[in-house]
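Quick caveat, the model's predicted, so the values are computed rather than measured. Below, chain A is the first sequence line, B the second, and so on; all start at residue 1.
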Number of protein chains: 2
Amino acid sequence: MKTIEIKKGSIIQRKGDLNTKIYRVEKGMLRSFSIDNKGKEHIFMFAPEGWIVADGADVNLPAELYIDAIEDSTIHVFEKELTHRTLESKPLLNRISVLQKRIIMLMSSSAIERYEHFKETYPHILQRVPQKMIASYLGITPEALSKVKGDKLREK
Amino acid sequence: MKTIEIKKGSIIQRKGDLNTKIYRVEKGMLRSFSIDNKGKEHIFMFAPEGWIVADGADVNLPAELYIDAIEDSTIHVFEKELTHRTLESKPLLNRISVLQKRIIMLMSSSAIERYEHFKETYPHILQRVPQKMIASYLGITPEALSKVKGDKLREK
DNA sequence: CAAATGCATTAACCTAGATTAAGAAATAAC
DNA sequence: GTTATTTCTTAATCTAGGTTAATGCATTTG
């Protein structure tokens, strides 16, 4: 295990890199994201203090996700290889549960519904990251999020 | 472990049921799906012979997904409780990898791109299930899938 | 076999969200 | 504190995909 301190904006993993690392956030916040063929970013996950981020792609294949710091951060870096032997199933099952819910949400809820759900589920993250990143996580543009939030307010 | 034979169309798990079972398909095909607040189905997964289906939601919470047979099927039913102790991390990690890719796809690819990807990834399933179910899996309507396929052909 | 149901396709119209652009407000940098 | 850079909002326009509806096939069912 290695501990590193990184500045906001530092990229610690790129798509195509070896996918052998797991990151545990001690301080600050990381995010993982993909970049599509039009150059657009799609945030896959936010990881504040205490959270673990890793590219879930197969260890033997190149990384699919970028991972960077969105705040100055202190990170513990582990090798997947070493941790995988002792891995408990509970956190993995929990992760699967979260991903399943995310897929269902993406398929069946509107932008504003996904936003409301995010707000309830991750209120602490909502306050800490720019709204355009929330939009990216939700799968919409910043303009669209701004609009649906405004509509929501007005209709009350 | 219990083995059951079920007819096409039989529902073996509903949203809200106890979420304690895992199903292994010996013959035929199952699918899991959710129903949104407008009554629309969204297929989460197809499971042909040899595959395992289960609702990934927390075991202690009610099931989120429906599971039914889309062909006459023979199924082995296991209790999650019993299997979870001996669960290896490899298949779980693989599952996480698949779900991650699905989320990225839903956020960053068009309907036709998702269709092409499905076709390459699950050609055997494509041939066996009605196109409207593929559409449901992709997160679009049957009409939209029919249209983009037609457009694709014509533009060549 | 006939009738009924389910499935795929096409087309007209509609809408959520994308795109583009401009300005206001907030944050960061000097 | 002033300037520069991000971020957020609003508005006009555009588009992928949704909705509704009609038609033709294919598959079940009685």
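If you look at A:Phe33 and A:Tyr66, their ring centroids are closer than 6.0 Å.
Distance, B:Lys152 NZ to D:dA16 C1': 15 Å, rounded to whole Å. The nearest whole Å value for the distance from the CG atom in A:Leu138 to the P atom in C:dA16 is 17 Å. Between the NZ atom of A:Lys8 and the P atom of D:dT6 there is a distance of 10 Å, rounded to whole Å. As rounded to whole Å, 16 Å separates atom C1' of C:dT20 from atom NZ of A:Lys38. B:Ile140 has its CD1 atom 21 Å from the P atom of C:dT15, to the nearest Å. Taking atom CD1 on B:Ile134 and atom P on D:dG17, their separation rounds to 17 Å, with Å as the unit. With rounding to whole Å, A:Asp151 atom CG is found 13 Å from C:dT15 atom C1'. What separates NZ of A:Lys40 from C1' of C:dG17 is a distance of 10 Å, to the nearest Å.
When all heavy atoms are compared, the tightest approach of B:Ala57 to B:Asn19 is O-ND2, 2.8 Å. Minimum heavy-atom separation, A:Trp51 to A:Phe46: CE3-O, 3.5 Å.
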For a quick test of your reading: what N or O donor-acceptor pairs under 3.5 Å do the side chains of residues 107-114 of chain A make, sequence neighbours left out?
unit_1, atom_1, unit_2, atom_2, d
A:Ser108, OG, A:Ile104, O, 2.6
A:Ser110, OG, A:Glu113, N, 3.4
A:Ser110, OG, A:Glu113, OE1, 3.3
A:Glu113, OE1, A:Ser110, N, 2.8
A:Arg114, NE, A:Leu138, O, 3.0
A:Arg114, NH1, A:Ser109, O, 2.7
A:Arg114, NH2, A:Leu138, O, 2.8

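Take A:Lys7 and apply the salt bridge (charged side-chain N to carboxylate O under 4.0 Å, His left out) test, not counting sequence neighbours, and it matches A:Asp72. Listed by chain and residue number, A:Glu79 satisfy the side chain to side chain donor-acceptor pair (under 3.5 Å) test with A:Lys21 (two or more places apart in sequence, or in another chain).
The pair A:Asp151-A:Arg154 meets the salt-bridge criterion, with a side-chain N (NZ, NE, NH1 or NH2) lying under 4.0 Å from an Asp/Glu carboxylate O. B:Lys27 has no carboxylate O lying under 4.0 Å from a charged side-chain N of B:Glu49, or vice versa, which leaves the two without a salt bridge.
In this structure, B:Arg31 is not positioned above the aromatic face of B:Tyr137 in the sense of NZ or CZ being under 6.0 Å from the six-membered ring centre and within 45° of the axis. Geometrically, A:Arg128 does not engage A:Tyr122 in a cation-pi contact, judged by NZ or CZ lying under 6.0 Å from the ring centre and within 45° of the ring axis.
For the 3.5 Å distance criterion, the side chains of A:Asp68 and A:Gln13 fail to qualify, holding no donor opposite an acceptor.
Contact annotation: B:Thr141 side-chain N/O to D:dG17 OP1/OP2 distance is not under 4.0 Å.
Looking at residues 103-126 of chain A, you'll see A:Ser110, A:Ala111 sit with a heavy atom under 4.0 Å from some atom of DNA chain C.
End-to-end axis angle for the helix from C:dC1-D:dG30 to C:dC30-D:dG1, using five pairs per end and rounding to 10°, comes out at 50°.
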Checklist entry - Can you give one letter per nucleotide of nucleotides 6-12 of chain C, going 5' to 3': B for a protein heavy atom under 4.0 Å from the base, S for sugar-phosphate only, - for none? => result -SSBB--
